[in-house]
Amino acid sequence: MSAHGAPIPMTSRASGPLVGEAHVPGDKSISHRSLILGAMAVGETKVTGLLEGQDVLDTAKAMQAFGAQVEKIGDTWHVHGVGVGGFGEPENVIDCGNSGTGVRLIMGAMATSPIVATFTGDASLNKRPMARVTDPLALFGTRAYGRSGGRLPMTIVGAAEPLPVRYEVPVPSAQVKSAVLLAGLNAPGETVVIEREATRDHSERMLAGFGATISTEVTEEGRVITLQGRPELKPQTIVVPRDPSSAAFPVCAAIITEGSDVLVPNIGLNPTRAGLFFTLQEMGADLTFENMREEGGEPVADLRARFSPDLKGIEVPAERAASMIDEYPVLSVVASFAQGRTHMPGVKELRVKESDRIDAMATGLRAAGVHVEEGEDWWTVEGRGHGNVAGGVTVESHLDHRIAMSFLVMGFASSRPMRVDDGGPIATSFPIFETLMGTLGAEITRD
Ligand code: S3P
């Protein structure tokens, strides 16, 4: 089943060359945070370039349910915030659809207000672990009542008199870090979050932008992030940068498809997000950063990706995993077209994404003729070299947008077409994927 309706099978076939410019949509992580922080500011935040994928639209609806006014006028989203501690109690269940980021950040944002809210999601989200968020929220005094194993649907009872918290995040997760920081906004005093491995830092950057007092110190313990509670957040004008995780798909498609030359303009190269691009360069991909510049305090470039016939398999450093965690599915497709083995260690988190991404990709890659080995927190792909990947199978997308897009990209360069049983979830993060790839010269059809 698709996230929001009947399954939409899609097939991709030998295409190319892929040529032209790929304008990918706004960053999903920054889009969620723009709406949530806008709702917690006093006054009107204006957002352009917002990703209008289903995940973000579900967060917009949720912010309305907590009392913020959210509307789109022309190209601009206007969020009239209610201030830190100003959330009202929703009248109905909050449905976050497919979005782990949405549900976990919103749980944090409401956890220190004296209100009760019940959260649910689709079949994928309702399988995902929530204790990683509700455990630290309990330290503020928040209570959570979910299904066994800490799964949704779940009711959160916000703490009426929250205490500030010091918490070391046990897994590399920006969602957990962000949930604790958002909860800390309405707790008195200092909330401290410690992360051993650096994960995406959009919450820290944006909280500072909204006027919170927040600092990050790099110590032997890791990154120690300190937030002063009870600030008055000031509304902002936000231009959401384009999503490097979406850029990954046209970039990887160009690299494996003969004759291709694709420009993907305006992509943020925040070091906590850009790991895939350096990995592709190490594999020998013809990928360059053009027009390097700074925008809104972040490095930005236009990415140029060209067909790369001589890719080689590599060891992907485990320390890089957090900065490319959403990109492993499409990396495993590129690795299939390389010569030699690509080893990807330190990736246990892939097993608790929208699907178990190691299992989903390994199953589909094997069916398409690629040898894959896996353990709990690692996997290897034996590259077959360009022109030697069979394809010719239907694979399951498991309600996971990135699994669906990865296998469709594979079909552009495999000998026979690749069919995914349901491309519907692509709309959660990259609603224009089919048309955009089509304008570059790719062939994707619906049954
Ligand atoms: C995200 C954090 C990551 C990432 C997800 C978006 C965020 O999840 O996979 O797509 O916006 O904070 P984890 O926090 O589970 O690593």
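Each residue takes its place number in the sequence, starting with 1. Bear in mind the structure is a predicted one, so any value in this text is a computation, not a measurement. Numbering of ligands and ligand atoms starts at 1, following listing order.
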Check: Once you round to the nearest 0.5 Å, how far does NZ of Lys234 lie from CG of Leu37?
Finding: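 Spacing of NZ (Lys234) from CG (Leu37) equals 13.5 Å.
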Note to self: Going by the closest heavy atom to atom 12 (O) of ligand 1, which one wins out of Arg33, Lys28, Arg132?
What the structure shows: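 Minimum heavy-atom distance to atom 12 (O) of ligand 1 goes to Arg33.
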Margin query: Quick test of your reading of the structure: of His32, Lys353, Lys177, Arg200, whose heavy atom lies closest to atom 16 (O) of ligand 1?
Written below: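 Among His32, Lys353, Lys177, Arg200, the closest heavy atom to atom 16 (O) of ligand 1 belongs to Lys353.
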I'd like to check which ligand 1 atoms, numbered from 1 as shown, lie under 4.0 Å from a non-hydrogen atom of [X].
X      : result
Pro172 : 16 (O)
Thr101 : 1 (C), 5 (C), 6 (C), 7 (C), 11 (O)
Ile325 : 9 (O)

Below 4.0 angstrom, N of the basic side chain to O of the carboxylate: do [X] and [Y] qualify?
X      : Y      : result
Arg166 : Glu221 : yes
Asp326 : Arg402 : yes
Glu354 : Arg128 : yes
Arg293 : Asp302 : yes

Check: Is it the side chain, the backbone, both or neither of Ser203 that has a heavy atom closer than 4.0 Å to ligand 1?
Finding: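 Neither part.
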Check: Does any N or O in the side chain of Arg351 come within less than 3.5 Å of the main-chain N or O of Glu376, such that one atom is a donor and the other an acceptor?
Finding: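 Present.
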Is [X] in polar range of ligand 1, meaning some N or O pair under 3.5 Å apart?
X      : value
Arg402 : no
Val176 : no
Gln175 : yes
Ser173 : yes

Check: atom 4 (C) of ligand 1: which protein heavy atom is closest, and how many Å away?
Finding: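 So the nearest neighbour among protein heavy atoms is Asp326 OD2, 3.4 Å.
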Item checked: Pair His78, Glu44: side-chain N/O donor-acceptor within cut-off below 3.5 Å ->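 Distance-only check passes for His78 and Glu44.
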Item checked: Parallel, tilted or perpendicular, as decided by the 30° and 60° cut-offs, for the rings of Phe289 and Phe277 ->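 Correct class here is perpendicular.
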